[in-house]
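Below: the structure, in C-alpha cells.
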Amino acid sequence: MLIVGGGFAGVTAALELAKRCAGALPVHITLISDRNFFLFTPMLAEAATGAVEARHVVYPIRPLCGARGVEFGEMFVEAIDLARHKLVARHSRSSLRQEVQYDRLILALGARPNVAMVPGVAEHALTFKAAGDAVQIRNHVIDLFEAAALTEDPWTRRKLLTFVVVGAGHAGTELMAALEELTRGILIRHYPSLAADMVRLVLVGSAILPQTATNLAAYTKEQLLRRGIEIEASRAAKVSPEGLSLADGRLVPSQCVIWTAGNRVNEVVSNLALPKTRDGRLKVNEFFEVEGAPGVYALGDNAAQSDPHSKELYPATAQVALRQGRALAEQLVAELTGRTRRPFDFRLLGEMVPLSRRTAVADLRGLKLTGFPAWFLWKTVYMLKLPTLASRFRVVLDWTVELFFERDVSELRVDGEHAT
Ligand SMILES: Cc1cc2nc3c(=O)[nH]c(=O)nc-3n(C[C@H](O)[C@H](O)[C@H](O)COP(=O)(O)OP(=O)(O)OC[C@H]3O[C@@H](n4cnc5c(N)ncnc54)[C@H](O)[C@@H]3O)c2cc1C
C-alpha cells in the first residue's frame, strides 16, 4: 500500500491503516512525502506572527510512522504512471531518484497556492501555506519595521509599513487579524520613532469569509474595520516591487503582499488524465475510489467527493481530510478481511475562525458564537487536535508565556551570507 503526501489525510490514513492491520493483516505500508514533518495549518497564522513558535506547529513524521511500522521516505513525487502501477520520486533536495512500484495507491498530495492567478504573485508576493511561509512572513514583517525605523521620509515609511493580504477567506482573514495584533499591538512598542497610525493594513477580497454564516461574516468585518483594517473589494490585478495594483487602476504601495486568494490541486495530481472537477480535484465515490483508475484512491484536497448531507462537494479542509484518512483505512481493512465496507458519511462539524485579540467566530452545526467564548473554544479544540501530547504541551506553554511576557520580536535569518 503506497500513500503519497504527509499531511492531514496521508498521515492519518497511514497510521490508522497500520493500527488496524497490526498483528492481523500482512500489509506493507509506505508513506512518501516531500517533507519529513506534518504541518498543523490551523495554527499557521499564530506561527507567522510569533504567538506560537513555528517549530511547535510542525511534527516529525518518522517517530509517528516508526511506532506503527510504517515505512517513510522523504521524497518528492514527480510523476505517476497509472498504467504501470509505479511512480517516480526523488529526494527533495538532491538528485537521488527512485521508481516506486505499488499495488494500491492513495493520493493525498494536497494543494498549493495558486500563484498564477495574477501577474507578479510568484515573483513579488509571499504565500501562506507552508511552515517556511510562516517563518518568512514573520521575518519580513519585522525587517520592514527595522527599515521603517531608519527613514524619516513619510512616503517611504508608509510603504514599508503597509501590509496587504489578498484573499479574505478563512486563512487570509485570520492572518490579517493576527498581523494587526503583531504590528500595531506588539512590534510598535519597540520602535519609538514609529506610531501605530503609520501602519496600514489592507485586506483584499470581494467579501469577508464568503463561506461563513452571514451574521458571523458581518461580525468579522465589523471587528476588522474597528481595528482600522482597510477592506478593499476591488480585484487584485498585479503584484510588483511597487506593491499591489488593483483592477480599478489604483496602486497600494507596499513591500509586503501576502497571497492567500486561491489554491490549486498539486500538479502531480492535476496532470493525471482522469476525470476531475473544474478546480482539479479527482472525482471519487464514497469509497474514495478514483474514477477511471482501479486501485487508486484520493483524499483531502485531492478528492472531489460528494457530501451525502449537503449534496455538495466536501470542502477542502483539514476537518474533512482527517476523517477521510480514517474512513479509507477502515474501508480497506474491511475489504481485505471480506467484510462489507461502510461508505463515507461525515456531517461537517462547522467552522471556527480566530481573529486574534481574544476574539473569534464559531459556527458549530448552527450554534453560533462570537468574541471571547468563540476564541476560548477555538484554543481548546485546536489544542486538543494537535497530534501528540508533547505538541500540546509546547503550544500551551507558548500561549501561557505570552500571558506574562513580551512576544519574541527577533528576526532570525537563515538565508544568505549574513545568516545568524
Ligand atoms: C493557513 C491555513 C489555515 C487553515 N486552517 C484550517 C482550519 O482551521 N481548519 C480546517 O479544517 N482546515 C484548515 N485549512 C485547510 C487544511 O490545511 C487543508 O484542507 C488540509 O491540509 C488538507 O489536507 P491534505 O492531507 O489533503 O493536504 P496537506 O495537509 O496539504 O498535505 C499534503 C502533503 O503532501 C506533501 N506534498 C505535496 N506535494 C508533494 C509531492 N510532489 N511529493 C511528495 N509530497 C508532496 C506536502 O508537503 C504535504 O505534506 C487551512 C489551510 C491553510 C493554508
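Whatever order the structure lists them in is the order used to number ligands and atoms, beginning at 1.
Of the protein's heavy atoms, Pro42 CA, 3.7 Å lies nearest to atom 5 (N) of ligand 1. For atom 21 (O) of ligand 1, the closest heavy atom belonging to the protein is Phe8 CD1, 3.3 Å. Nearest non-hydrogen protein atom to atom 46 (C) of ligand 1 is Asp34 OD1, 3.4 Å. Among all non-hydrogen protein atoms, the one lying nearest atom 50 (C) of ligand 1 is Thr41 OG1, 3.6 Å. Among all protein heavy atoms, the one lying closest to atom 41 (N) of ligand 1 is Val77 O, 3.1 Å. For atom 18 (C) of ligand 1, the closest heavy atom belonging to the protein is Asp301 OD2, 3.6 Å.
Between Arg35 and Phe72, the shortest heavy-atom contact is O-CZ, 3.5 Å. Across all their heavy atoms, Gly300 and Ala321 have their closest contact at CA-CB, 3.7 Å.
Taking every heavy atom of Ala9 and a limit of under 4.0 angstrom, the matching atoms of ligand 1 come to 25 (O). Those atoms of ligand 1 with a heavy atom of Lys129 less than 4.0 angstrom away are 30 (O), 53 (C). Atoms of ligand 1 lying under 4.0 Å from any heavy atom of Ala316, numbered from 1 in the order shown and given with element: 19 (O). Against a heavy-atom cut-off of under 4.0 Å, His170 is close to the following atoms of ligand 1: 8 (O). Shown in contact with Gly6 at under 4.0 Å from a heavy atom are these atoms of ligand 1, numbered in order with element: 33 (C), 34 (O), 49 (O). Close contacts of ligand 1 with Ser33, meaning ligand atoms under 4.0 Å from a residue heavy atom, involve 35 (C), 43 (C), 44 (N), 49 (O). Heavy-atom proximity to Gly110, at under 4.0 Å, picks out these atoms of ligand 1: 26 (O), 27 (O), 30 (O), 32 (C). Close contacts between ligand 1 and Gly5 involve ligand atoms 33 (C), 34 (O) [criterion: under 4.0 Å to a heavy atom].
Residue contact check for ligand 1: Tyr382 places a non-hydrogen atom closer than 4.0 Å to it. The closest approach between a heavy atom of Glu78 and any atom of ligand 1 is not below 4.0 Å. Residue contacts with ligand 1 leave out Asn302, since none of its heavy atoms falls under 4.0 Å from the ligand. The closest approach between a heavy atom of Arg112 and any atom of ligand 1 is below 4.0 Å.
Legend: residues meeting side chain to side chain donor-acceptor pair (under 3.5 Å) with His56, ordered by chain and number and at least two apart, are Asp398.
The parts of Phe128 lying near ligand 1 are both backbone and side chain, judged by heavy-atom distances below 4.0 Å. Using a 4.0 Å cut-off between heavy atoms, Met75 contacts ligand 1 through its backbone alone, with no side-chain atom that close. Proximity of Asn266 to ligand 1, defined as any heavy-atom pair under 4.0 Å, is confined to the side chain (atoms from C-beta onward).
Put simply, the side chain of Thr359 gets close to the backbone of Arg357: a donor and an acceptor are under 3.5 Å apart. Between the Thr173 side chain and the Ala168 main chain, a donor and an acceptor come within less than 3.5 Å of each other.
Looking at heavy atoms from C-beta onward, Val166 lies out of side-chain contact with Val239 at the 4.5 angstrom threshold. In this structure, Leu328 and Phe344 have side chains that are not in contact, with every pair of non-hydrogen atoms separated by 4.5 Å or more.
For the pair Glu74 and Arg62, the salt-bridge criterion is not met [side-chain N within less than 4.0 Å of a carboxylate O]. No salt bridge links Arg226 with Glu180; every basic N to acidic carboxylate O contact stays at or beyond 4.0 Å. A salt bridge does not link Glu53 to Arg394: none of the charged side-chain nitrogens sits closer than 4.0 Å to a carboxylate oxygen. Looking at Glu181 and Arg227, no side-chain N of the basic residue comes within less than 4.0 Å of a carboxylate O on the acidic one, giving no salt bridge.
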Going through the distances and angles, do His85 and Gln101 end up as a side chain to side chain donor-acceptor pair (under 3.5 Å)? CA-CA 6 Å; His85 280 226; Gln101 212 65 45; over 6 Å; no
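With Pro113, Gly7, Ala89 as candidates, the residue nearest to atom 31 (O) of ligand 1 on a non-hydrogen basis is Gly7. Here the shortest heavy-atom distance to atom 37 (C) of ligand 1, taken over Ile61, Ile3, Leu109, belongs to Leu109. Nearest-residue assignment for atom 32 (C) of ligand 1 (options Ala108, Gly325, Ala318, Ala321; heavy-atom criterion): Ala108.
The line from CG of Leu209 to CD of Glu174 is 10.0 Å long, rounded to the nearest 0.5 Å.
The salt bridge (Lys or Arg N to Asp or Glu O under 4.0 Å) contacts involving residues 265-279 comprise Arg112-Glu267, Arg264-Glu267, Asp279-Arg281, where partners must be two or more places apart or lie in separate chains.
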